[in-house]
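Notes for the one structure printed next.
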Amino acid sequence: MADRQRITPRSEDFSAWYNDVIMRAELADYSPVRGCMVIRPRGYGIWELMQQALDGMFKETGHENAYFPLFIPQSFLAKEAEHVQGFAPQTAVVTHGGGKELEEPLVVRPTSETIIYAMLSKWIQSYRDLPVLLNQWANIVRWEMRTRLFLRTTEFLWQEGHTAHATAAEAEEETRLILGLYRRFMEEWMAMPVITGVKTESEKFAGAVRTFACEGLMQDNKALQAGTSHFLGQNFARAFGTQFQTASGELDYVWSSSWGVSTRLVGGLIMTHSDDVGLVCPPRLAPTQVVIVPIFRSDDERIRVLEVGGQVMDALRAGGIRVLLDQREGMKPGAKYYEWESRGVPVRLEVGPRDVDKGQAMLARRTGGKAPVPLDGLEISVRTALDEIQAALLAAARDRREANTFRGVEKDRLIEIMDGSGGFAFGGYCGSDACELAIQERTKATIRVLPDEEFRSDPAPATCAWCGKKAVVEAVWARAY
RNA sequence: CGGGGCGUGGCGCAGCCCGGUAGCGCGCCUGCUUUGGGAGCAGGAAGUCGCCGGUUCAAAUCCGGCCGCCCCGACCA
């Protein structure tokens, strides 16, 4: 009986578990188009809440939304040398339209830097036009070899911020501002702790001067790059002639940044918190935060219980809590419990005749624990439970990450960790491509970031984890998605 | 693109080796009884067995080709 709806346990096959959780929670489904997924309402609801939170944060920091075309003239991509090298191999190209072959093929955007700089060149004349702080919510296409629901799909949804500034310092500050904003979102909303830092040359965005990233550690101890913020220098400005006149009358190229997070975040959320029962969704991003399950035998009981259930729903809804009353008949309460648990609803309120008599409801948490709460002041109890669950998820994720973070690793230990259970390995790095490559070949681990100061070890590692020569910097290694 | 696995009612699978009129569980529909942790009984609907070709009196089953999907690797958010 239990087997029919079994979710593959994490310990048995993490990938199968991940897919099972998504299917059971009805977050997404495979589409008729290879590599493309359908995001179902329960999954899209999470994305919408993510969008709302991030969009608010972008606007608070002075950014405005705009929209640029899906199609980019192929020649645009070629204007920035590194950029074309990085992206040309994974583009989809439209060669025909309206039954005729196009004069110039159109690339379906893999990212929008090129078309945005082509436009900024028209719009920016003077330092008085700067900064330009743009964001767009869009879909993009990257022809990936191998896809996985949410984590890597041929088409995906994201936001891409693009900013232009008069000075390098200002653009770098922007790059940093957004990295911090992403981190805050991931921790405060997704309850997903991340390490921030700078990417090595080999891992940076094609066309950037420097790439910064947020890296989370999933339950299988693989790292997930959850967001990136790039300092682009004047690379795209030069490629597209985006110049402005300075206060002293000279011409200069704008300094710019770009940054993005995608529907991959939904995958990160799943792999950070969920369990073998199904999805666990942090309350702040849960499309349904509370489900009310009425319990009754007779018609008389049904009427009484549903009346109270309805009142509870109205009260919570009025308080801004996303709540649902599960009135389906012919389904036993236990069946409903299992269903809503697999869908990740953080709080369940059970209202039966005995509860109605006592003026209470049973409050069960997705993360465990069930206790009666008085109907009087229920909103406060529910709110408290949601807040506590949110905080507990972050704490648990942080503990898990710390338990799987190893500092001061040297060669043997690094190999041992990566051949074993994985995790974040901090160690010294000499800065050579040779060591970076050798480590990747031997362990399949890559340098996720050169960590920001607050994540660094004290004392700093003195020697390179691989070659033993003097370390110039500390690095974090992990196998990654 | 390399390796592995799989395509059979909506979902999960058996049947294939040994060819002979397609079966099980879940889900779905109807009715009655149920409902405090995955309900029971009765009745019912639903499948060109991934596609194309071959062998055969006869193909889900044997042979050839193709397509698709999932997982692992190289590439990537």
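These figures come from a predicted structure and were not determined experimentally. Every chain is numbered from 1, with letters handed out A, B, ... down the list of sequences.
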- Message: Once ring pair (Phe, Tyr, Trp, His ring centres under 6.0 Å) is applied, do any residues pair with A:His63, and if so which ones, sequence neighbours excluded?
- Response: A:Trp259
- Message: If the condition is ring pair (Phe, Tyr, Trp, His ring centres under 6.0 Å), which residues does A:Phe424 pass it with, not counting sequence neighbours?
- Response: none
- Message: Give me each pair satisfying side-chain hydrogen bond (donor to acceptor under 3.5 Å, both in side chains) with a member in residues 281-302 of chain A, each pair once, sequence neighbours excluded.
- Response: none
Dump every N/O contact between nucleotides 67-72 of chain B and the protein below 3.5 Å, one line per pair.
residue : atom : partner  : partner atom : Å
B:G68   : OP1  : A:Arg34  : NH2          : 3.3
B:C71   : OP1  : A:Asn19  : ND2          : 3.0
B:C71   : O3'  : A:Ser15  : OG           : 3.4
B:C72   : OP1  : A:Ser15  : OG           : 2.5
B:C72   : OP2  : A:Arg146 : NH2          : 2.2

- Item | Flag for A:Tyr481-A:Asp220: side-chain donor and acceptor within less than 3.5 Å | yes
- How does RNA chain B look in dot-bracket form if you count Watson-Crick and G-U pairs under 3.5 Å, write [ ] for pairs that cross, and put | where a base pairs with another strand? ((((((((.[[[[.)....(..]]]].((((((.....)))))).....[[[[[..)....]]]]])))))))....
- Message: Listing request: all ring pair (Phe, Tyr, Trp, His ring centres under 6.0 Å) pairs with a residue in residues 339-360 of chain A, at least two apart in sequence or in separate chains.
- Response: none
- Query: Over how many whole Å does the gap from A:Lys336 atom NZ to B:A39 atom C1' extend?
  - Reply: 13 Å
- Sorted by position of nearest nucleotide on RNA chain B, 5' first, the leading residue of A:Glu339 and A:Phe150 is A:Glu339
- Where at least one partner belongs to residues 64-91 of chain A, residue pairs that pass salt bridge (charged side-chain N to carboxylate O under 4.0 Å, His left out), sequence neighbours excluded: A:Glu82-A:Lys204
Return all side-chain donor-acceptor pairs below 3.5 angstrom for residues 329-337 of chain A, not counting sequence neighbours, or 'none' if the list is empty.
residue  : atom : partner  : partner atom : Å
A:Lys336 : NZ   : A:Asp326 : O            : 3.1
A:Lys336 : NZ   : A:Arg328 : O            : 2.7
A:Tyr337 : OH   : A:Glu350 : OE1          : 3.3

Contacts under 3.5 Å, N or O only, protein and nucleotides 32-37 of chain B:
residue : atom : partner  : partner atom : Å
B:U35   : OP1  : A:Arg297 : NH1          : 2.7
B:U35   : O2'  : A:Phe296 : O            : 3.0
B:G36   : OP1  : A:Lys332 : NZ           : 3.3
B:G36   : N7   : A:Arg354 : NH1          : 3.4
B:G36   : O6   : A:Pro353 : N            : 3.0
B:G36   : O6   : A:Arg354 : N            : 2.6
B:G36   : N1   : A:Asp355 : OD2          : 2.6
B:G36   : N2   : A:Asp355 : OD2          : 2.8
B:G37   : O6   : A:Arg348 : NH2          : 2.7
B:G37   : N1   : A:Glu341 : OE2          : 2.9
B:G37   : N2   : A:Glu341 : OE1          : 2.9

- Pairs touching residues 265-279 of chain A that satisfy side-chain hydrogen bond (donor to acceptor under 3.5 Å, both in side chains), sequence neighbours left out: A:Arg10-A:Asp276, A:Asp275-A:Arg366
- Task: Please list, chain by chain and in numerical order, all residues satisfying salt bridge (charged side-chain N to carboxylate O under 4.0 Å, His left out) with A:Arg42, sequence neighbours excluded.
- Result: A:Glu26
- Residues of residues 177-195 of chain A with any non-hydrogen atom less than 4.0 angstrom from an atom of RNA chain B: list those, numerically ordered, please. none
